[in-house]
Structures are given as C-alpha cells and as structure tokens.
Amino acid sequence: MTMSRSSVVAETADDITAVLLDLTRPCWIVRHDGRVGATSDDRIAAQADVLAAVAPLPPEQLGDRRFAAAHGVRAAYAAGAMANGIASPALVSAMARAGYLASYGAAGVPPTAVDAALADLSRTLVGKPFACNLIHSPSEPALERAIVDACLRHQVRCVEASAFMGLTGEVVRYRAAGLAVDRQGRVEIRNRVIAKVSRVEVAEPFLRPAPERLLRELVESGDLTPEQARLAEQVPMADDITAEADSGGHTDRRPLLVLLPELIATRDRLAHTVPAAAAVRVGAAGGIGTPAAAAAAFAMGAAYVVTGSVNQATREAAQCDTTKQLLSQADFADCAMSPSSDMFELGVQVQVLRRGTMFATRAQRLYDTYRAYDGIDDIPADLRRDLEATLFRRPLDAVWADCVTYFTERDPAQLVGAEGDPKRKMALVFRWYLGLSSGWSIRGESDRVADYQIWCGPAMGGFNSWVSGTYLAALRNRHVADIADQMMLGAAYLTRVGQLRTAGVRLPAASARFVPRPREER
C-alpha cells in the first residue's frame with residue numbers, strides 16, 4: 001500500500017501505515033492545521049510543527065552491510081541449514097535467485113547425494129550466493145571429511161559450521177584451503193565460514209586463527225600446503241558467528257537476549273589481543289519467525305538474522321505435505337526436547353515438534369533404556385518385546401543386521417568394537433530408529449506419522465500466529481524467498497515504528513503491526 005495523498009497529513013490508521021511503509025522516504029509526525037498526523041512530504045513538514053521524525057529505512061539497510069558485500073547478497077538475511085536435505089537444492093536456489101543466502105542441509109545426507117547436490121548447485125548458480133552445512137559428527141568423522149571434500153571439489157565458497165564443540169581438522173582444512181595472497185599482498189579469503197554457536201567457549205576458537213597444532217597435522221598429512229598453513233595463522237577461523245538461541249534441532253535453548261550481547265562482547269574483548277577478530281560479524285538465529293523478532297535482533301546489534309523452522313513449511317522445503325500441515329498448525333509451545341541421533345551416547349538433545357507425533361516420548365524411552373542397561377541382551381523380555389512391536393516393528397537382531405549393512409557402506413569405523421561392546425551395539429541399534437524417523441517425515445510414510453521426527457523451534461508458532469488470516473496462512477502460498485522479503489520488509493517497518501515510540505509517539509494499534517501482503521498489493 002502506497003500513500004498517494006502526499007499533499008495531506010495522514011491521520012487514519014491505514015494512511016499512517018501507508019506513510020510508514022514508504023521505506024525509501026522520511027516520515028514526519030507533524031501538527032498541521034491543529035491536527036496531528038504523519039507525512040512523507042517534506043513541503044508539508046517544512047510548514048508544520050514537527051513532533052518526531054524517522055529517516056528512510058529500506059530493508060537492505062538493516063544489519064551490517066559488510067555481510068551483504070561479503071556474501072554477494074542484497075540483505076542481511078539467511079535461511080539456515082535444515083538437516084537431511086530439508087533445506088533442499090530447490091530452497092537454496094530460490095533464495096539465491098532472489099538475492100539471499102541459504103545453506104544446503106547436507107547433515108545426514110549420504111556423501112554421494114551431497115556431492116550430486118553441490119555439483120548441481122555449483123553448475124546452476126554460477127555467480128550467485130549459497131552455502132553448505134558442515135555439521136560436526138563426532139561419532140562419524142568420515143562424514144565430516146566427505147562434506148569438506150565435496151565443498152572443495154565443487155568450489156563451494158561458504159559453509160555453515162554447526163554443532164561444533166571445538167575446532168576439528170576438517171573445518172580448518174576447508175578454511176585454509178581457500179586462502180591466497182592478492183596483488184596487494186593481502187590475505188584473500190575465498191572459503192568463508194559461518195559458525196553457528198550457542199556458547200562463548202565454542203565461539204572463541206572461531207574468532208581466533210586456526211591452532212598451530214591442527215595446521216601442522218594438516219600439512220604433515222598433505223591436506224594443506226605450508227603456505228596455506230602460514231596464511232591461516234593470520235585470519236580468524238570464521239567470517240561470521242551466528243548466535244543460535246532457542247532453535248529447532250540441535251540447540252542449547254539459550255535466550256537470544258543474553259546470548260547475542262555476550263557473543264558481541266566476547267568478539268570485542270578478543271579484538272584487543274587478536275585484532276583480526278574485530279572483523280567477524282555476529283548474527284542472530286533461533287526464535288526468529290516474525291518481523292518483530294527480526295527487528296529486535298537487529299536492534300540488539302545483530303549483523304544479520306537467520307531463519308530455520310519457518311522455512312520447513314515452505315513449498316521448496318523437502319518435507320512431505322503431512323509434516324508441513326503439522327508445522328502450519330503449531331503453536332509456539334508445541335515443542336519438546338528429545339535425544340539426538342548423531343550424538344545419542346553423549347546425551348545431546350534436539351528440539352522437535354511435539355504436537356501430532358509421539359517421537360519425543362518414544363525417543364526418550366530409548367535413551368532411558370540405554371542408560372539403564374548394558375546391552376540388548378540385558379533388556380527385560382517384556383520391554384524388549386514392546387520396543388520391537390511399537391518402535392522398531394521388527395526384531396532387534398534384524399535391526400542390527402541393517403546397521404551392519406548401513407555402516408559397512410557409509411562409515412565402517414562405526415562398527416569397530418561394537419561386536420565386543422554390547423552397549424555400543426545397543427546405541428547403534430537405537431540410533432537406527434532415531435536416524436530413520438526424520439526420513440519417515442520427509443518421505444511422508446503414512447504408517448509412521450506417530451514416529452515423525454520434525455525438528456522445530458518456537459519460531460514456527462510465532463510465524464503461524466503472525467500470518468493467521470493472511471495469504472501466508474495457506475501452505476500453497478509459502479515460498480521461502482517471499483517469506484524472506486516479508487520478514488525484512490516488516491522488520492524495517494517495525495524498526496521505524498519503534499523509533500517513533502521511543503520519541504514518545506503513540507501510533508494507532510493497527511499501524512504498529514506489520515501485516516504481510518501479496519506482492520501485487522504492496
């Protein structure tokens with residue numbers, strides 16, 4: 001909606017909204033002819049009593065413009081990786097073509113499929129921005145190496161490193177392999193790293209150059225040249241650090257109001273002794289499902305924002321229609337924590353959708369069983385029969401046979417010692433259920449709805465509430481790039497509303513809320 005009556009002062013809620021939505025022009029709150037209203041007409045403002053004003057604020061001005069410049073995007077907004085390919089090549093492509101950054105969800109995807117997806121993205125998105133998720137896999141290091149190999153092979157210039165508890169040789173290898181010296185003698189960083197963290201102690205290694213020990217080992221193994229290792233000592237490990245708050249999937253459920261300022265302060269503190277750390281940007285993720293949340297993150301100093309859960313219900317996401325329908329009905333409280341498949345033995349949890357599925361309860365039952373017994377043969381007969389009937393739907397011995405076949409092809413190291421370690425064997429069998437459950441959701445296996453593992457954070461409920469009664473309430477209208485547009489447009493609008501409120505302006509309630517509008521109505 002655009003204000004057409006520029007020669008008058010807007011007084012109704014609709015007209016005030018129209019003035020504020022004209023983000024490329026200033027907005028003055030004026031007293032004119034004895035009445036108070038809003039105008040974007042500088043001639044009226046010059047003749048009136050100006051009570052408050054806000055400057056133009058196109059969405060592209062939100063956040064740190066260096067983020068856009070570094071990644072070749074038009075706005076400080078990114079769609080984060082969703083594992084098992086939920087953040088699909090189609091989703092990544094749609095965002096890239098719209099000028100946004102998105103990360104392919106490589107975690108949990110077989111290496112051959114990751115390689116094929118990256119080959120396709122590299123071929124079709126020449127010159128356009130995209131990233132690939134590099135997830136830390138402590139129990140499957142071969143997968144971490146395979147992703148780095150694929151990224152280097154296809155010249156993927158950005159990875160989103162997630163779930164790391166410390167630096168590994170693979171993330172260092174990716175970073176250092178892209179270093180060179182330009183014509184001016186400066187270090188050129190070709191392989192960018194966005195580190196998603198939720199703890200200060202995890203952020204700090206990404207703010208520093210790579211450790212000398214890891215660089216030495218990589219040179220000795222032939223994975224890096226001495227020159228690459230030397231250059232790696234001069235740059236921080238990450239270009240960007242994302243403060244991951246209460247998000248779907250892997251999360252420590254940190255409050256963004258605490259986490260983001262802490263990470264910014266950590267960056268600034270380290271910059272006194274590690275000057276290169278000053279250039280690292282700090283963004284925000286987790287709980288960002290509305291323009292109001294995005295605006296709040298930018299107001300706290302976020303260089304960029306990252307969305308996740310809300311993108312699962314878009315048409316481009318690789319989720320089945322049943323799962324998307326469940327997501328579209330979620331409230332912000334419809335989430336629960338459950339054991340993680342990739343870090344099961346460590347007790348690490350992921351946040352999942354609770355409403356419409358029994359996965360969280362069933363997964364916790366498996367973890368409790370794992371803690372209580374030393375091996376499959378120690379599980380009481382009645383409990384074992386129940387698990388085989390309800391969760392596995394087959395004998396546990398048959399599940400183990402599947403595990404042997406699977407890991408023989410994918411990561412044989414997983415099987416080392418399992419035959420002689422009953423508890424290790426039990427963990428692999430239980431991970432069979434945890435690992436397949438997200439696939440059942442993605443593929444839409446109708447007889448497994450109760451076992452769907454749907455990674456989801458409270459942002460999904462916030463998004464559903466925001467779009468209720470609008471065109472975005474319908475799943476058929478949810479396109480990932482359009483949601484990005486609406487989020488950033490709304491964040492800019494609400495930032496201007498907040499600036500006026502800070503100046504003491506009381507706006508009509510309807511003008512203080514951003515309602516998504518189809519493109520043809522904007």
Side-chain angles (χ1 to χ4, degrees), residues 71-75 77-109 113-114 116-126 128-133 156 158 160 162 194 247-249 285 288-291 294 304-330 353 438-439 441-444 452 454-457 459-460 463-464 466-467 470-490 516 518-519:
H71 296 284
V73 295
R74 63 185 176 91
Y77 179 104
M82 295 177 286
N84 282 6
I86 296 171
S88 65
L91 185 151
V92 173
S93 294
M95 288 290 281
R97 296 183 193 285
Y100 293 108
L101 184 66
S103 183
Y104 169 63
V109 179
V114 172
L118 294 182
D120 180 62
L121 288 170
S122 297
R123 183 176 60 255
T124 59
L125 295 178
V126 177
K128 296 187 182 298
F130 75 94
C132 176
N133 182 216
V156 176
C158 183
E160 183 184 33
S162 60
I194 302 175
S247 63
I288 299 178
T290 65
Y304 57 95
V305 295
V306 180
T307 56
S309 297
V310 302
N311 300 322
Q312 279 200 86
T314 62
R315 296 186 63 171
E316 296 86 358
Q319 281 282 25
C320 74
D321 291 341
T322 299
T323 295
K324 291 179 181 180
Q325 191 64 42
L326 290 173
L327 287 165
S328 71
Q329 297 168 351
L353 184 66
S438 60
S441 167
I442 292 169
R443 293 188 297 271
Y452 282 6
I454 306 170
W455 299 303
C456 181
M460 190 74 248
F463 178 87
N464 290 333
W466 167 51
V467 303
T470 75
Y471 80 102
L472 284 176
L475 283 171
R476 66 179 180 277
N477 293 330
R478 295 188 182 184
H479 293 274
V480 66
D482 183 44
I483 288 174
D485 288 342
Q486 293 282 7
M487 290 279 286
M488 291 299 287
L489 180 65
R519 185 175 300 276

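We use all heavy atoms of the structure for the numbers below, so side chains are in, but hydrogens, waters and symmetry mates are not.
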With side chains defined as the heavy atoms from C-beta onward, is the minimum distance between [X] and [Y] less than 4.5 Å?
X      : Y      : value
Ile288 : Met487 : yes
Leu118 : Cys132 : yes
Ile194 : His71  : yes
Leu121 : Tyr104 : yes
Gln486 : Val467 : no
Leu326 : Leu353 : yes
Leu125 : Ser93  : yes
Val306 : Leu101 : no

Could you tell me the separation between the [atom1] atom of [X] and the [atom2] atom of [Y], rounded to the nearest 0.5 Å?
X      : Y      : atom1 : atom2 : value
Arg478 : Asn311 : CZ    : CG    : 11.0 Å
Phe130 : Arg97  : CZ    : CZ    : 11.0 Å
Ile483 : Met488 : CD1   : CE    : 14.5 Å
Cys456 : Met82  : SG    : CE    : 11.0 Å
Ile86  : Ser438 : CD1   : OG    : 6.5 Å

Partners meeting side chain to side chain contact (heavy atoms under 4.5 Å, CB included) with Arg443 (sequence neighbours left out): Trp440, Glu445
Sidechain-backbone polar pair: [X] side chain, [Y] backbone, donor-acceptor under 3.5 Å:
X      : Y      : value
Glu316 : Val480 : yes
Arg74  : Ala98  : yes
Asn464 : Leu327 : yes
Asn133 : Glu160 : yes
Lys128 : Gly72  : no
Gln312 : Thr323 : no
Ser309 : Ala459 : no
Asn477 : Leu472 : no

Tell me every residue that passes side-chain hydrogen bond (donor to acceptor under 3.5 Å, both in side chains) with Arg123, counting only those two or more places apart in sequence or in another chain. Asp120
Qualifying residues under side-chain hydrogen bond (donor to acceptor under 3.5 Å, both in side chains), relative to Thr314, sequence neighbours excluded: none
So which heavy atom on [X] is nearest to which on [Y], and how close?
X      : Y      : result
Ala96  : Pro129 : CB-O, 3.1 Å
Gly105 : Ala81  : CA-CB, 4.2 Å
Cys320 : Ser441 : SG-O, 3.0 Å
Ala481 : Ala94  : CB-O, 4.0 Å
Val310 : Gly289 : CG1-CA, 3.7 Å

Neighbour count >12 (heavy atoms, 6.0 Å) for atom CZ, Arg315: no
Can you check side chain to side chain contact (heavy atoms under 4.5 Å, CB included) on Gln325 and Leu475, steps first, answer last? CA-CA 8 Å; Gln325 191 64 42; Leu475 283 171; 3.3 Å; yes
Sequence neighbours excluded, the answer for ring-ring contact (aromatic ring centres under 6.0 Å, His included) partners of Tyr304 is Phe67
For Trp466, what residues pass the ring-ring contact (aromatic ring centres under 6.0 Å, His included) criterion, not counting sequence neighbours? Phe463
Using the ring-ring contact (aromatic ring centres under 6.0 Å, His included) rule, collect all pairs that involve residues 77-102, keeping only residues at least two apart or in two chains. Tyr77-Tyr100
